[in-house]
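Note sheet for the following structure.
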Amino acid sequence: MKLYNTLTRKKEEFVPLVEGQVRMYTCGPTVYNYIHVGNARPMVVFDTLRRYFIYRGYDVKYVVNFTDIDDKIINRANEENTSYKEIAEKYIEAFLEDAKGLNLLEEKTIHPRATEFIKPMIDFIQRLIDIGAAYNADGNVYFNIEAAENYGKLSKKNIEELISGARVEVSEEKRNPMDFALWKKAKEGEPCWESPWGKGRPGWHIECSVMARTLLGDTIDIHAGGEDLQFPHHENEIAQSETLTGKPFARYWLHNAMINVDNQKMSKSLGNFLLVRDIKKEFDLEVLRFFLLSAHYRTPMNFTRDIMKQMEKGLERLYNGKKNLEYLLDKTEDRPLNEEEEKHLEEIEKYKQDFIDSMDDDINTADAIASMFELVKYTNSNLNEKSSKALVSKAYQILMELANVLGILYKKDEILEEEILELIEKRTEARKNKNYKLADEIRDKLREKGIILEDTPEGVKWRRI
RNA sequence: GGCGGCAUAGCCAAGUGGUAAGGCAGAGGUCUGCAAAACCUCUAUCCCCAGUUCGAAUCUGGGUGCCGCCUCCA
């Protein structure tokens with residue numbers, strides 16, 4: 001499969017460091033607030049990549065960190081008059097809840113917290129000092145970017161220009177204006193840890209470097225995140241890690257594009273952060289997941305209510321295809337495929353191959369989804385009650401395995417309550433007696449309860465909205 | 001100023017040299033008591049200009065218009 005590597009700005013054939021294994025790290029949230037739709041994109045996109053790796057038989061080790069100590073968390077704690085720990089705890093819990101709604105494969109995700117890795121961070125920093133790549137300035141420890149080879153290679157930045165751009169914070173402590181903090185000296189009343197340089201806490205960039213290295217090794221296969229993290233965050237991770245180990249830090253860097261809301265950038269000044277849990281009030285989060293996969297991950301997206309409505313309809317179409325197959329599974333008889341059915345199976349396998357080809361091409365989920373629509377159209381048109389159950393079963397299995405790669409179509413029908421079954425029975429009776437008024441009344445009543453009835457030649461079918 | 005991205009039908013969105021996937025919406029039809037679902041049919045020459053080529057939405061150059069990063073915001 002090919003992946004677009006930000007480091008080389010090219011699509012490259014993916015070859016893992018160790019055959020059959022993928023070690024992947026995605027920058028996770030700083031837990032000072034609920035996650036918004038922009039945070040959700042890398043979570044969903046790279047979760048899908050991980051699912052695809054699993055589908056292709058790789059053994060995947062997947063890490064998404066929680067930054068649980070940081071200025072923003074401390075500020076938040078002060079605002080709410082509580083501790084940074086409680087803030088972190090609260091929003092980690094909220095994240096996990098949203099993650100569940102987004103159907104992220106949480107049970108297979110390793111979630112390290114920065115504060116659990118203070119010791120290795122201190123060791124890491126000390127080592128950088130030892131080799132002259134970092135220096136202690138009155139309790140603050142900075143990384144000396146001149147010690148790094150090719151600083152700026154990921155974001156293609158030129159150091160002199162960055163400095164002359166004068167947008168960097170000027171600090172008398174720093175030897176070079178571009179040097180960045182590895183360890184921050186504690187201010188009065190701030191949470192802190194003991195270190196060889198006094199009380200303080202780690203800087204942001206060092207967290208990811210240390211957690212990735214501790215959990216995944218010196219060189220990881222894939223490092224992913226939003227494209228806004230390219231600089232300075234990822235650039236600094238590379239500088240620290242590669243200076244320390246002398247090895248490549250990550251072999252493939254993947255970055256997703258940003259999301260606008262109603263054609264506007266989400267920003268603090270506009271106060272237009274759209275939280276995942278706000279979206280949940282109007283849409284099932286599966287629709288959000290489907291939306292996030294409806295465009296290629298490196299294409300900027302725009303989030304609007306209307307587009308979500310469209311996505312909801314599209315997803316419903318796939319669910320109907322699934323339901324139709326489930327219905328046939330129940331109605332068809334087991335027998336060997338005839339010649340015509342063998343051809344159907346070949347066609348169905350072809351759609352599956354199209355799906356795989358699309359995913360192989362830098363996770364082209366938009367194209368992969370199109371293959372699913374085509375598959376559904378094909379089975380809707382060509383399979384019926386007279387088909388062989390073996391064929392129906394195979395088609396269903398393929399549809400579901402593709403859906404599982406994208407993390408969609410996972411909702412199962414619940415068993416209907418006795419009371420509702422009785423109503424359906426009553427309506428069928430009414431229809432038999434051509435009492436359509438009563439029949440329609442019952443249908444409307446059930447619709448209010450979120451149950452859609454469909455009269456088909458084979459009898460009444462129902463589904464949830 | 002530096003780096004980068006995007007511009008395809010009413011809307012969303014694939015397609016990176018051979019004569020425009022898919023979805024939503026819309027129109028007509030089949031089926032149906034009516035609906036729903038499903039199926040069939042219909043709806044674009046790809047921002048503009050020039051060039052390369054037998055041939056370009058796809059490559060090159062120049063415009064125009066959006067946008068992102070360069071401020072610990074995914």
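A, B, ... follow the sequence lines: proteins, then strands. Residue 1 opens every chain.
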query = Which part of the nucleic acid, if any, lies within reach of A:Gly38 when heavy atoms closer than 4.0 Å are counted: base, sugar-phosphate only, or nothing?
reply = base
key: B:C11 and B:G5, which share atom name C1', separated by this distance in whole Å   = 22 Å
query = CD of A:Gln230 versus P of B:G68: gap in Å, rounded?
reply = 15 Å
ask   = Can a salt bridge be assigned to the pair A:Glu12 and A:Lys2 using a cut-off of 4.0 Å between side-chain N and carboxylate O?
value = no
task = Identify whether any heavy atom of A:Met311 sits under 4.0 Å from a base atom; if not, whether one sits that close to sugar-phosphate; answer base, sugar-phosphate or nothing.
result = sugar-phosphate
Interatomic distance, A:Glu312 CD vs B:C12 P [rounded to whole Å] = 18 Å
remark   = When rounded to the nearest 0.5 Å, the distance separating CD1 of A:Ile74 from CD of A:Glu190 is 4.5 Å
key: Passing candidate, ring-ring contact (aromatic ring centres under 6.0 Å, His included) with A:Tyr91, options A:Tyr34, A:Tyr32, A:Tyr84   = A:Tyr34
task = Grab the CG-P distance between A:Asn302 and B:G68 for me, whole Å please.
result = 12 Å
request  = Take the protein atom NZ of A:Lys10 and the nucleotide atom P of B:U16, then report the distance between them rounded to whole Å.
outcome  = 18 Å
query = Between B:C49 and B:G65, how far is it from one C1' atom to the other, in whole Å?
reply = 15 Å
inquiry  = For the NZ atom on A:Lys343, are there more than 12 heavy atoms of other groups (residues, nucleotides or ligands in this structure) within a distance under 6.0 Å?
reply    = no
task = Before accepting this row, confirm whether a basic side-chain N of the pair A:Asp455/A:Arg427 lies closer than 4.0 Å to the acidic partner's carboxylate O.
result = yes
query = How far does the P atom of B:U58 sit from the matching atom of B:A9, given to the nearest Å?
reply = 15 Å
task = Tell which nucleotide pairs with B:U45, taking only Watson-Crick or G-U wobble pairs whose two distances are both under 3.5 angstrom.
result = none
query = Touch check for A:His205, heavy atoms < 4.0 angstrom, all strands: base, sugar-phosphate only, or nothing?
reply = nothing
task = Produce a footprint string for nucleotides 28-39 of chain B: one letter per nucleotide, 5' end first; B if the base is under 4.0 Å from any protein heavy atom, S if only the sugar-phosphate is, - if neither.
result = -----BBBBSSS
message = Distance check, P atoms only: B:C24 and B:G1, in whole angstrom units.
response = 45 Å
ask   = Which nucleotide in the list B:G68, B:A14, B:C12 gets nearest to the side chain of A:Lys265?
value = B:G68
ask   = Say you pick atom C1' in B:U19 and the same atom in B:U53; how far apart are they, in whole Å?
value = 15 Å
key: Spacing between A:Ile307 atom CD1 and B:G23 atom P, to the nearest angstrom   = 18 Å
message = So does A:Thr332 get a backbone contact from the side chain of A:Glu385, meaning a donor-acceptor N/O pair under 3.5 Å?
response = no
message = Taking CD in A:Glu116 as the centre, count heavy atoms belonging to other residues, nucleotides or ligands within less than 6.0 Å. Is the count above 12?
response = yes
ask   = Below 4.0 angstrom from OP1 or OP2 of B:G15, is there any side-chain N or O of A:Asn364?
value = yes
task = Look at all strands and tell whether A:Thr299 reaches a base, only sugar-phosphate, or nothing, counting heavy atoms closer than 4.0 Å.
result = sugar-phosphate
message = Could you tell me the Watson-Crick or G-U partner of B:U30, where both distances fall under 3.5 Å? Say none if there is no partner.
response = B:A38
message = Suppose you measure atom C1' in B:A14 against the same atom in B:C46; what distance do you get, rounded to whole Å?
response = 13 Å
ask   = Taking atom C1' of B:C11 as reference, at what distance in whole Å does atom CZ of A:Phe303 sit?
value = 15 Å
Paired nucleotide for B:C59 [Watson-Crick or G-U wobble; both distances under 3.5 Å] = B:G51
message = Before we go on, tell me: are the rings of A:His255 and A:His234 under 6.0 Å apart, centre to centre?
response = yes
request  = Using a 4.0 Å heavy-atom cut-off across all strands, classify A:Pro29 as base, sugar-phosphate, or nothing.
outcome  = nothing
ask   = Within this structure, what is the CG-to-P distance between A:Asn65 and B:A74, rounded to whole angstrom?
value = 11 Å
key: Closest nucleotide among B:G15, B:G22, B:G68 to the A:Phe373 side chain   = B:G22
request  = Mind checking A:Ile259 for me? I need base, sugar-phosphate or nothing, with any heavy atom below 4.0 Å counting as a touch.
outcome  = base
NZ/NE/NH1/NH2 to OD/OE distance under 4.0 Å, A:Asp47 and A:Arg50 = yes
message = As a test of reading the structure: which of B:C12, B:C69, B:A14 is closest to the side chain of A:Asp228, going by heavy atoms?
response = B:C69
note = note: A:Trp253, atom CH2; B:C3, atom P; distance rounded to Å ~ 22 Å
task = Inspect the contact between A:Asp70 and A:Arg201 and indicate whether a charged nitrogen and a carboxylate oxygen are less than 4.0 angstrom apart.
result = no
query = Ignoring hydrogens and angles, are the base of B:C11 and the side chain of A:Gln310 linked by a donor-acceptor pair under 3.5 Å?
reply = yes
ask   = Does any nucleotide pair with B:G17 by Watson-Crick or G-U wobble geometry, both distances under 3.5 Å, and what is it?
value = none
ask   = If you measure from the C1' atom in B:G17 to the same atom in B:A74, how many Å do you get, rounded?
value = 36 Å
query = Under 4.0 Å between a side-chain N or O of A:Ser294 and OP1 or OP2 of B:C24?
reply = no
ask   = In the structure shown, which nucleotide is the Watson-Crick or G-U wobble counterpart of B:G68, with both distances under 3.5 Å?
value = B:C3
ask   = Which nucleotide in the set B:A21, B:C12, B:A74 lies at the smallest distance from any side-chain heavy atom of A:Glu374?
value = B:A21
